[in-house]
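Position 1 is the first residue of the sequence, and the numbers go up from there. Computed from heavy atoms alone, side chains included, the values below leave out hydrogens, waters and symmetry copies.
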Amino acid sequence: MRCIVIGLGIQGAKRQRVAGSDCVATVDPVRQEAIYRDLEAVPLDSYEAALVCTPDGAKPDLLRRLLESGKHVLVEKPLITEEPAVLEDLATLASRMGRTLYTAYNHRFEPHFQAMKRLLESGRLGRIYRCRMFYGNGTARDVRNSAWRDKGPGVLPDLGSHLLDTVLFWFGETQGNFRILSANRYENRSFDHVVIGVDGLPGVELEMTLLSWRNHFTCDIFAENGSAHIESLCKWGPSTFTVRSRKLPSGRPDEETSVLVQADPTWAAEYTHFLELCRDAGTNVANDLWINRQLSLLAQEASSR
């Protein structure tokens, strides 16, 4: 499928590499290496799909233009807006045009994230009591020096959207809304360290930061029959997945561990998934609506502190 990449920042460059020869053009108003400066200059008959990797504010209008032109669209996360009806309208438009509108959350294609999903669906762990995730990188200074990134709720939509999507992937929508447990602006004008949580079964606690000088991810799930743990992502490997089986009444659990040392497989796997979706059309905007609602409520709560 012939595609174009719109936005040649870090994510756009990755999407272009993965698309390979499928990518017939690039669009960016600033980057000198881009073939076109504006989407309108790209001949409509030269491509069937677009990979949108622009700042958040530009996305809704771009998506509408592309869908109205009959193009399939992959848009880099997060797809957020102050007006949820905008997302609903985009989903309706995609359906009417018979085109795919897919918001990319590449961590769903982490091998250990998929292994965790299979474990949870198997019922082997029994009742799930609690899930705790940490996602950190060291980009605080990059964000502060950016012309557009150091504003608004900061790390919440950046890393928080990944964590909320992972909750959706593993558990579905939670019973209640997340709340702010801690929100700080240690170095930036926007929030650079946030902890959020929601009660219930499972209870979920998500910590995100731009102040982890070594990039890192961890997940701990505690359950009736044992626990499951992820340490690191493939891109920061080695990545470890550990499952522990509870001993009753107490004792050291049996333990199974899988370790991966490999390049990040998620971008290529997600692109393949997108191409498959384009055969039947469809959208995952329902996920965006839930994530958008959670982020909106959290941003309001954080800003009132």
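Across all non-hydrogen atoms, the minimal contact from Glu207 to Val195 is CG-CG2, 3.7 Å. For Asp192 against Val155, the heavy-atom pair with the smallest separation is C-CG1, 4.0 Å. Nearest heavy-atom pair across Arg37 and Asp28 is NH1-O, 3.1 Å.
A search for side-chain hydrogen bond (donor to acceptor under 3.5 Å, both in side chains) contacts involving Ser212 returns nothing, not counting sequence neighbours.
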* I would like to know whether Arg179 and Ile196 meet side chain to side chain contact (heavy atoms under 4.5 Å, CB included); could you show each step before the answer? => CA-CA 5 Å; Arg179 66 187 187 281; Ile196 64 177; over 6 Å; no
- Step-by-step side-chain hydrogen bond (donor to acceptor under 3.5 Å, both in side chains) determination, Asp22 to Tyr271: CA-CA 11 Å; Asp22 289 355; Tyr271 182 64; 2.7 Å; yes
Please test Tyr102 against His273 for ring-ring contact (aromatic ring centres under 6.0 Å, His included), starting from the C-alpha separation and ending with a verdict. CA-CA 10 Å; Tyr102 172 75; His273 178 67; 5.6 Å; yes
Could you go through Glu231 and His216, starting from their C-alpha distance and side-chain angles, then the distance that decides it, and tell me whether this counts as side-chain hydrogen bond (donor to acceptor under 3.5 Å, both in side chains)? CA-CA 8 Å; Glu231 181 93 8; His216 199 41; 3.1 Å; yes
Stepwise side chain to side chain contact (heavy atoms under 4.5 Å, CB included) check, Met208 with Leu156: CA-CA 8 Å; Met208 61 214 75; Leu156 259 174; 4.1 Å; yes
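By the 6.0 Å contact criterion, CD on Glu33 is enclosed, its count of non-hydrogen atoms from other residues, nucleotides or ligands being greater than 12.
Classification of the His229-Phe222 ring pair by plane angle, with boundaries at 30° and 60°, yields perpendicular.
Screening residues 173-212 for ring-ring contact (aromatic ring centres under 6.0 Å, His included) gives no qualifying pairs among residues at least two apart or on separate chains.
If you chain together hydrophobic residues whose side chains sit under 4.5 Å apart, Tyr36 and Leu8 never meet in one group.
We find that Asp158 and Arg149 are joined by a salt bridge, their nearest charged nitrogen and carboxylate oxygen being less than 4.0 Å apart. A salt bridge links Glu76 with Arg15: the closest approach of a Lys/Arg side-chain nitrogen to an acidic carboxylate oxygen falls below 4.0 angstrom.
A distance-only check finds no donor-acceptor pair linking the side chain of Asn106 to the backbone of Trp267 [under 3.5 Å]. With Arg99 contributing its side chain and Gly70 its backbone, the two residues share a donor-acceptor pair below 3.5 Å.
The ring-ring contact (aromatic ring centres under 6.0 Å, His included) test with His107 singles out one residue from Phe169, Tyr135, Phe217, and that residue is Tyr135.
A donor atom on one side chain and an acceptor atom on the other are not found under 3.5 Å apart for Thr166 and Arg108.
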